[in-house]
2 protein chains.
Amino acid sequence: MNRTTGAVKGKRVVMVCGVPMDMANCPVRDVMDNIGGKWNSLMILSLAEGPLRFSQLRRLIPDISQRMLTQTLRDLQRDGYLSRTVYPTQPPSVEYSLTDLGRSFLVPLKLFVDWSLQNHDAIRKARAEYDAVA
Amino acid sequence: MNRTTGAVKGKRVVMVCGVPMDMANCPVRDVMDNIGGKWNSLMILSLAEGPLRFSQLRRLIPDISQRMLTQTLRDLQRDGYLSRTVYPTQPPSVEYSLTDLGRSFLVPLKLFVDWSLQNHDAIRKARAEYDAVA
DNA sequence: CCGTATCCGCCCCGATACTG
DNA sequence: CAGTATCGGGGCGGATACGG
């Protein structure tokens with residue numbers, strides 16, 4: 001397999017695992033930016049078992065600020081991971097729930113969570129050893 | 001299932017998918033910080049098919065700066081994803097290769113890449129629709 | 001209850017220049 | 001070839017206060 005890189009029609013292309021990746025418009029980078037934020041993946045996981053209201057999410061994730069809760073929900077809604085429905089009560093209540101896209105993302109996300117839980121100790125150990133040398 | 005949150009022995013615990021998550025020392029957050037960087041996951045993918053030298057990686061990923069290449073490699077080595085071996089030639093050559101930990105991470109990572117490639121269009125579409133309304 | 005608006009510190013990352 | 005050192009912009013995210 002050829003792993004060289006080059007400019008193809010002015011595009012930066014990186015061969016990774018035999019698949020050409022357009023770095024200028026990279027899907028992986030794009031998705032990673034979405035869920036790589038501090039709260040995004042946790043938000044999706046929190047909604048995995050059913051819809052929740054704004055204040056419920058706030059109580060469920062006590063450490064998040066009101067600002068970041070709003071922003072995270074808006075970003076995830078914008079990218080299609082979740083939907084927002086407003087119930088015209090008094091005072092108003094807003095419910096957030098995963099879309100099909102959001103639910104489908106749970107598959108790789110949960111695998112990632114499992115891996116993290118299984119290998120966290122190994123990582124912490126490696127880190128400690130590295131720091132001990134330095 | 002109970003999804004309430006609470007202080008357990010002074011720790012912030014969030015119930016997610018039935019699993020209690022300690023937010024103060026969260027493995028998922030820890031791992032996400034490692035590979036959530038701009039170049040980290042791409043670096044691991046680049047080394048998936050075999051060891052590469054510093055300059056080879058530099059050519060393979062043309063957009064990365066020398067500084068970030070060094071830093072990314074050091075961070076990934078520190079957390080145990082890859083190993084660094086120096087060959088005492090003149091001039092010196094340094095080879096980077098995935099460890100067992102790094103290779104095992106390829107499983108969830110590749111699943112994530114596949115999902116990104118499959119759903120990128122849907123995300124871009126959702127984003128366009130959202131922006132059109134606003 | 002469900003947000004907005006504003007200010008601001010921090011740190012990621014790029015650019016550039018220099019070493020062994 | 002394989003790094004290190006230094007500077008600086010920009011954006012993420014926290015704190016706080018205010019609005020419908």
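These numbers come from a predicted model, not from an experiment. So that the names make sense, note that chain A is the first sequence line, chain B the second, and so on, each numbered from 1.
- Contacts of B:Gln66 with the nucleic acid, taken as non-hydrogen atoms under 4.0 Å apart, include base atoms.
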Run the side-chain contact (heavy atoms from CB on, under 4.5 Å) test on B:Ile35 and B:Leu109 for me, step by step, so that the C-alpha distance in whole Å, both residues' side-chain angles and the decisive distance to 0.1 Å come before the verdict.
CA-CA 10 Å; B:Ile35 55 89; B:Leu109 182 55; 6.0 Å; no

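- To the nearest angstrom, C1' of C:dC13 lies 13 Å from CG of B:Asp63.
- Between the CZ atom of B:Phe54 and the C1' atom of D:dT4 there is a distance of 11 Å, rounded to whole Å.
- With rounding to whole Å, A:Leu73 atom CG is found 11 Å from C:dC2 atom P.
- Within 4.0 Å of A:Tyr96, counting heavy atoms only, lie sugar-phosphate atoms of the nucleic acid but no base atom.
- The 5' end of DNA chain D is approached more closely, in terms of each residue's nearest nucleotide, by A:Met68 than by the other of A:Pro92 and A:Met68.
- Residues A:Thr70 and B:Gly37 each lie close to DNA chain C; by heavy-atom proximity, the contact nearer the 5' end of the strand is made by A:Thr70.
- Checked against C:dG14, D:dG3, C:dC2, the side chain of B:Arg84 finds its nearest nucleotide in D:dG3.
- For the pair B:Leu69 CG and D:dC1 C1', the interatomic distance rounds to 12 Å; values are reported in whole Å.
- B:Met43 places its CE atom 13 Å from the C1' atom of C:dC13, with the value rounded to the nearest Å.
- Ranked by how close their nearest DNA chain D nucleotide is to the 5' end, A:Asn40 and A:Pro91 are led by A:Asn40.
- Rounded to whole angstrom, the span from the CD atom of B:Gln71 across to the C1' atom of D:dG3 amounts to 13 Å.
- Within 4.0 Å of B:Arg67, counting heavy atoms only, lies at least one base atom of the nucleic acid.
- In this structure, B:Phe112 has its ring center at least 6.0 angstrom away from the ring center of A:Phe112.
- The residues A:Arg124 and A:Asp121 are annotated as not salt-bridged, no charged nitrogen and carboxylate oxygen being separated by less than 4.0 angstrom.
- The side chain of B:Lys38 sits closest to C:dG14 out of C:dC2, C:dG14, D:dT4.
- Between A:Ser65 and D:dA15 there is no side-chain N or O to OP1 or OP2 distance below 4.0 Å.
- Between A:Ile64 atom CD1 and D:dA15 atom P there is a gap of 12 Å when expressed in whole angstrom units.
- Note that CG of A:Asn40 and CE of A:Met32 are 13.0 Å apart. Values are rounded to the nearest 0.5 Å.
- The shortest distance between the side-chain N/O atoms of A:Ser55 and the OP1/OP2 oxygens of C:dC1 is below 4.0 Å.
- Between D:dA2 and B:Arg58, no contact under 4.0 Å exists linking OP1 or OP2 to a side-chain N or O.
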Just do the side-chain contact (heavy atoms from CB on, under 4.5 Å) check on A:Ser104 and B:Asn119 with the steps written out, would you?
CA-CA 9 Å; A:Ser104 84; B:Asn119 298 94; 4.3 Å; yes

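- Remark: P of D:dG13 and CZ of A:Arg74 are 13 Å apart, rounded to the nearest angstrom.
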